[in-house]
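Reckoned from all heavy atoms, side chains included, excluding hydrogens, waters and symmetry mates. We name chains A, B, ... by the order of the sequence lines, and we start the count at 1 in each one.
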Amino acid sequence: MITLKLPDGSARQVAPGARARDVAESIGKRLAQAAIAAKVNGEVVDLAREFPAEPAEVSFQVLTDRDPESLEVLRHSSAHIMARAVMRLFPGTQLAFGPALANGFYYDIESPTPITEADFSRIEAEMKKIVAAAEPFERFERSVPEGRALCSEMKQELKVEHIDEELKKYPTLSFYRQGEFIDLCRGPHIPNAGKLGAFKVLSIAGAYWKNDASRKQLQRLYATAFFTQKELDAYLAQLEEAKKRDHRVLGKQLKLFTISQEAGQGMILWMPKGAMVRSLLETFIKDELMQRGYSPVYTPHIGRLDLYRTSGHFPYYRDAQYPPVYMNPMCQTIDTWLTLLEKKKLMQEREQAFLNLLESFTKGELPEGEDDNAQYTWGQVVLDVRALWLEYREAKDDEGKLTSLRNWLHGQEGYLLKPMNCPHHIQIYKAQQRSYRDLPVRLAEFGTVYRFEQSGELGGMTRVRGFTQDDAHLFMTPDQVHEELVSNIELVLMILKILGLNDYRVRVSVREPGSSKYVGEPDLWEKAEKTLVDVVSQLKMNFSIGVGEAAFYGPKIDFIVKDCIGREWQLGTVQLDYNLPNRFDLEYTSSDNRRLRPVMIHRAPFGSMERFCGILIEHFAGAFPLWLAPEQARIVTVSDKFNDYAKSVEKTMKAAGLRVTGDYRPEKIGAKIRDGSLEKVPYLLIVGEKEQSAGAVSLRDESIKEMKARDVGSFPVAEVIERLRTEVSEKRIRNVSTASAGLADTEEKYSA
RNA sequence: GCUGCUGUAGCUCAGUGGUAGAGCACUUCAUUGGUAAUGAAGAGGUCAUGGGUUCAACCCCCAUCAGCAGCUCCA
C-alpha cells in the first residue's frame, strides 16, 4: 500500500495502480468534479495517472480551478485543442511545440497554406466544437523506436526530428490522444476538453524552429485560455488598459516625445515637455554624483576608428554599429571587400569586379586646378588606390590579400559614431599621470551613443538607435573595487526607490562559457564574476544569474523592470571590467612607486535616458510626481474678468520656482478643468471672484481618485506655493499604480 | 534581419475602381460661465513613397520606407 499525505495533514492508503481521480472521488464528489489535475510530491500529474508502487509515502493534493498550477495545465491542454482545430482546418499541418505561457499559450506550426488573422474565427469555432464534445485526454507511452514510427506515420516530421535530436535519450515517449488527435507530449493535461471555459486566439507571428535563427521559420499562433468567460473578459480588459498607458501612446498624447520618419527610425525627438522631465532627472542625478565625488566630463559623439579598434568595439560588434565614416571615399568599398573576404564569401567574379574598380581609379589624368572634394582630393584617392591595387595583386593567398586590405584600411583616417563612452573617458584618464592617491577617479557624462539595432527591434523609447546614457567610468585600485561596487549598487537602488520603481529584478550577467565574443583572460573573468556574486550576496539581494548576458569586456549587475505590457527592460547597470585597462595599458603609481593596472567600473543607474523615461511614463501613466511634472500647476480662471489677478498669481508662483501656466481661453471652467486633467497637470488652481477678493486660489488636486473630492479648498497664494515646494523637495510620489498594470505575474520574480 | 498585419486631415478612425468623410483638436465670431466637454461658422488631405495594370487607382499588383505583434539579436 501507498500512503498519501494530504494538505490538511491527514493520510490515506491506496493500492499501487490506483489513480488520482479515484482518490479525489473518495474524498468527495464535488472535489472530483472540480478536479483538474493532481500534485504528487510536488509534481503536477494527470488525474488518470496511476500511483507506482514506489515510493511508499507521497504528498498528494487534488488541484482544482482555484490552484494556479491548474491554469497552466488548462492552457497547455488548450494548445492541444487549438492544434487539433488547426489540423482539421489545415490538413497537412506540421506541429512543433505548444507550451503554456504566463498569460496564455502558443503552438508553433507549419501549415501548407499560411494562417492569417482572418482564420482566427474559424479556428475558434472549431475549438468550440472540440470543447463541446468534451472528449478525454488519454495518455499512453511508447518506446523511442515505436514512438518515432508513430510520429512518422502521422507525418509529423518536426516531432520525428525532435525525437532524433533530443528525446531519444529517454527510455519512453509519452503521447496524448484526444479523439482523432494524437500529440507527442509530456503532459499533464486536463481530464477532458470540456474543462476549457473560455479562450481567444490572439495573434500570429513567425518563430524559428527551436528558437534557432538558422533554422526554418514556423508560424506561432498565440492564444489565451481561462476556466471562465469572466476571467477571460477581465484579462482582455486589462490588456486594453495597459495599452492606454503605453509610453508610445502617452508620449504622443502628452506631447513628450516624437519619432519622425524623416529624422530616422529609432531616433527620439524630445519635445519640450519630455525634455523637461529628462532635464529634471539629469539635474537630480548630477547633484547626487557631485556629492559622491564624481567629476563631470564632456566628450564628442564620434571617435577615431583606432580608438575603437583598441577597445575592441569596432572589430567585435561591427553588425551593431553604423558604418564607419572614412575620409577617403573608396574606404567603404574596400571595407565591404574586406568583410566579404573575412567571411569567405568573396566570389571570384566579385573579387574581379573590385579589382577592376581599383584599376579604373589608377587610370586617367588627374583633374587640373581646384579640387571639389575638400576632405580628400582626387589626387590622394588615386595615389592611395594605386598603392592598394599594386599590393593586393602581389598577395599570394587569401591571408596575404586580407593583410593588404587590412593594412591599407588601418592607414586610412576613419571615425565611428561612438557605440560607448568608455574609450573616450579612458583617454581622459590617460591624459595625466595617476597616483594611487588620486583613485578612485570617477568620470561622469550624459554620453550619447549610437547603435545600429536591427530594424525589427526598434520601438518607442525603449529600443532606439541613438540614446544617452547617464554614464560614468570609475578607475580604481583592486582593493577599492568592493566599496565602489557597493556604493554604485546603492545609488541604483536609491534612484529606483525615489521613483517608486519597486517592480524590478536583479541579474548578475556572466559570460557564456566557450563563446568567442568576450575579450580577456578567463581567470580575470572568473575573478570579476566572483566579485559581483559576492557583493550582491553580501548585500542580501535576490538575484538570478544571466549566462551569456555579460558585456564583452566584463560581467555586470543589471536591474531589470517590466513595462506595462509585461516586457522586461534592462535599466540600471553596474559593470566590472579588468579588460579595457589592459587593452589601453592604463596605469597608476602605487605607494611603493610601482606602475600598477587600475580596475574599471562602468555604470549607468538609469541605463539610458530614453528607455528610463519611457518606462517612467508607463510607471506613472503619464501623471508624473510634482517634482518631475513638466507643468506643475495650471491656473484656471472662472471667467476672463479674473485674468489680471490670475496673471499676477502666475507671476508670483513662477518667481517662486514653480512651473505654472494659465488657461486664459474664453472657455467655460468645466472645459478648462477637463483639459488640464487630461493633460495630467498635477494641480489646477481655480481663480474667480472669491479667490480674487481673498488673495487666494482654489486648489484642485488631480491625484485624488474620486473626481468629486479633487477640490481641496481655497488657500492664500503663499500657502499654496509653500505646499507645492514642500512636495517637490520631498520628491513625493503621487498616484502610483503598479508597473505591470495588474497583468498576471506568475513567474518567480527572483531566484537565488 | 525574419514572419504576419497596418499606413486616409494635427490626433483617433470610417470609406468607395469614377479624383474623399466623421469626431476631437485648430482659426474666427458670439457667449463671461464656479470644479471633466457653450454654440455657430471656417480652414485643413498628392489617401506613406515610387513604379505598374486600367479609359480611369486612395482602392488591384510589385517594390521601397515607416509603424505594430512576435521570433532572432541587444557591447
Practice task
Quickly work out the I565(A) CD1 to rG70(B) C1' distance and round it to whole Å.
Solution key: 12 Å

Handout entry: Separation of rG4(B) P from D119(A) CG (nearest whole Å)
Key = 13 Å

Exercise for the section: Using a cut-off of strictly less than 4.0 Å, decide whether R451(A) has a side-chain nitrogen or oxygen near OP1 or OP2 of rA75(B). Expected result: no

Problem - Gap between atoms CG and P, on L218(A) and rG4(B) respectively (whole Å) - result: 13 Å

Practice task
Answer with base, sugar-phosphate or nothing: what part of the nucleic acid does K708(A) contact at a heavy-atom distance below 4.0 Å?
Solution key: nothing

Problem - Positive for ring pair (Phe, Tyr, Trp, His ring centres under 6.0 Å) with F552(A), one of W525(A), Y518(A), Y317(A) - result: Y317(A)

Practice task
Nearest whole angstrom, please: distance from the C1' of rG39(B) to the NZ of K668(A).
Solution key: 10 Å

Practice task
Have a look at S698(A) and say if it touches a base, only the backbone sugar-phosphate, or nothing, with a 4.0 Å heavy-atom cut-off.
Solution key: base

Handout entry: Minimum-distance nucleotide (side-chain atoms of K690(A) versus rG34(B), rA69(B), rA37(B))
Key = rG34(B)

Practice task
Determine the contact category for A551(A): base if any of its heavy atoms lies under 4.0 Å from a base atom, sugar-phosphate if only primed atoms, P, OP1 or OP2 are that close, otherwise nothing.
Solution key: sugar-phosphate

Exercise for the section: Could you tell me whether E529(A) and R511(A) have a side-chain N and a carboxylate O separated by less than 4.0 Å? Expected result: yes

Practice task
Could you tell me whether E667(A) contacts a base, only the sugar-phosphate backbone, or nothing, with contacts defined as non-hydrogen atoms closer than 4.0 Å?
Solution key: base

Practice task
Please work out if R710(A) contacts a base, only the sugar-phosphate, or nothing of the nucleic acid, heavy-atom cut-off 4.0 Å.
Solution key: base

Practice task
Find the distance E610(A):CD to rC74(B):P and express it as a whole number of Å.
Solution key: 21 Å

Practice task
Mind telling me whether H301(A) and Y450(A) have parallel, tilted or perpendicular rings, with 30° and 60° as the class edges?
Solution key: tilted

Completion exercise
The Watson-Crick or G-U wobble partner of rU27(B), with both key distances under 3.5 Å, is rA41(B)

Exercise for the section: Report yes if a side-chain nitrogen or oxygen of K517(A) is closer than 4.0 Å to either non-bridging phosphate oxygen (OP1 or OP2) of rC74(B); otherwise report no. Expected result: yes

Handout entry: P-based separation of rA63(B) from rA20(B) [nearest Å]
Key = 29 Å

Problem - Spacing between E117(A) atom CD and rU6(B) atom C1', to the nearest angstrom - result: 9 Å

Handout entry: ring-ring contact (aromatic ring centres under 6.0 Å, His included) between H162(A) and F97(A), intermediate numbers included
Key = CA-CA 10 Å; H162(A) 185 50; F97(A) 297 124; 4.8 Å; yes

Handout entry: Gap in Å between the two P atoms, one belonging to rU38(B) and one to rU32(B), rounded
Key = 14 Å

Problem - Rounded C1' spacing from rU46(B) to rC59(B) in Å - result: 16 Å

Problem - Presence of K252(A) side-chain N/O under 4.0 Å of rU12(B) phosphate oxygens OP1/OP2 - result: yes

Handout entry: R611(A) to F606(A) six-membered ring, cation-pi geometry met (6.0 Å, 45°)
Key = no

Exercise for the section: From the options rG4(B), rU35(B), rU72(B), select the nucleotide whose nearest atom is closest to the side chain of I204(A). Expected result: rG4(B)

Practice task
Remember a base hit wins even if backbone is also touched, and classify G460(A) as base, sugar-phosphate or nothing at under 4.0 Å, heavy atoms.
Solution key: sugar-phosphate

Handout entry: No-H, no-angle donor-acceptor pair, Y208(A) side chain to rG1(B) base, under 3.5 Å
Key = yes

Practice task
Report the C-alpha separation of H602(A) and Y553(A) in whole Å, then their side-chain angles, then the decisive distance to 0.1 Å, and conclude whether the ring-ring contact (aromatic ring centres under 6.0 Å, His included) test is met.
Solution key: CA-CA 10 Å; H602(A) 311 231; Y553(A) 47 76; 4.3 Å; yes

Practice task
In whole angstrom, give the distance that lies between atom CZ of R665(A) and atom P of rA37(B).
Solution key: 13 Å

Exercise for the section: Please work out if Q570(A) contacts a base, only the sugar-phosphate, or nothing of the nucleic acid, heavy-atom cut-off 4.0 Å. Expected result: nothing

Fill in the blank from the handout: d(I615(A) CD1, D563(A) CG) to nearest 0.5 Å is 5.0 Å

Practice task
Please confirm whether the backbone N or O of L232(A) pairs with a side-chain atom of K200(A), one donor and one acceptor, at under 3.5 Å?
Solution key: no

Practice task
Examine rA66(B): is either OP1 or OP2 under 4.0 Å from a nitrogen or oxygen in the side chain of Q265(A)? Give yes or no.
Solution key: yes

Practice task
Taking only the side-chain heavy atoms of Q321(A) (C-beta and beyond), determine which of rA75(B), rC65(B), rC71(B) contains the nearest atom.
Solution key: rA75(B)

Practice task
Mind checking F552(A) for me? I need base, sugar-phosphate or nothing, with any heavy atom below 4.0 Å counting as a touch.
Solution key: sugar-phosphate

Exercise for the section: Classify the nucleic acid contact of Y553(A) as base, sugar-phosphate or nothing, counting any heavy atom under 4.0 Å across all strands shown. Expected result: sugar-phosphate

Handout entry: Of residues 461-473 of chain A, the positions that come close to RNA chain B - non-hydrogen atoms, cut-off under 4.0 Å
Key = R463(A)

Practice task
Report which part of the nucleic acid I686(A) touches: base, sugar-phosphate, or nothing (heavy-atom distance under 4.0 Å, all strands).
Solution key: base

Practice task
Tell me what P666(A) touches on the nucleic acid: a base, only sugar-phosphate, or nothing, going by heavy atoms under 4.0 Å.
Solution key: base

Problem - Nearest-0.5 Å distance that lies between atom CG in L576(A) and atom CG in L474(A) - result: 11.0 Å

Fill in the blank from the handout: In whole angstroms, the gap separating C1' of rU32(B) from OH of Y664(A) amounts to 16 Å

Handout entry: Geometric cation-pi criterion, R220(A) with Y106(A): 6.0 Å, 45°
Key = yes

Fill in the blank from the handout: Picking from rC2(B), rA36(B), rU32(B), the nucleotide nearest the side-chain atoms of Q217(A) would be rC2(B)

Practice task
Look at the rings of Y504(A) and F559(A) and say which category their plane angle falls in: under 30° parallel, 30 to 60° tilted, over 60° perpendicular.
Solution key: tilted

Problem - Distance-only donor-acceptor test, E457(A) side-chain atoms vs rC71(B) base atoms, 3.5 Å - result: yes

Exercise for the section: Just call it for E691(A): base, sugar-phosphate, or nothing, with non-hydrogen atoms closer than 4.0 Å on any strand. Expected result: base

Practice task
Choose from rA37(B), rU72(B), rG34(B) the nucleotide whose nearest atom is closest to any side-chain atom of E689(A).
Solution key: rG34(B)

Exercise for the section: Have a look at G670(A) and say if it touches a base, only the backbone sugar-phosphate, or nothing, with a 4.0 Å heavy-atom cut-off. Expected result: sugar-phosphate

Problem - Whole-Å C1' distance, rC62(B) and rC55(B) - result: 22 Å

Practice task
Give N211(A) one of three labels, base, sugar-phosphate or nothing, depending on what nucleic acid heavy atoms sit under 4.0 Å from its own.
Solution key: sugar-phosphate

Handout entry: rA75(B) base stacked by Y317(A) (centroids within less than 5.5 Å, tilt under 30°)
Key = yes

Handout entry: Presence of R248(A) side-chain N/O under 4.0 Å of rA69(B) phosphate oxygens OP1/OP2
Key = yes

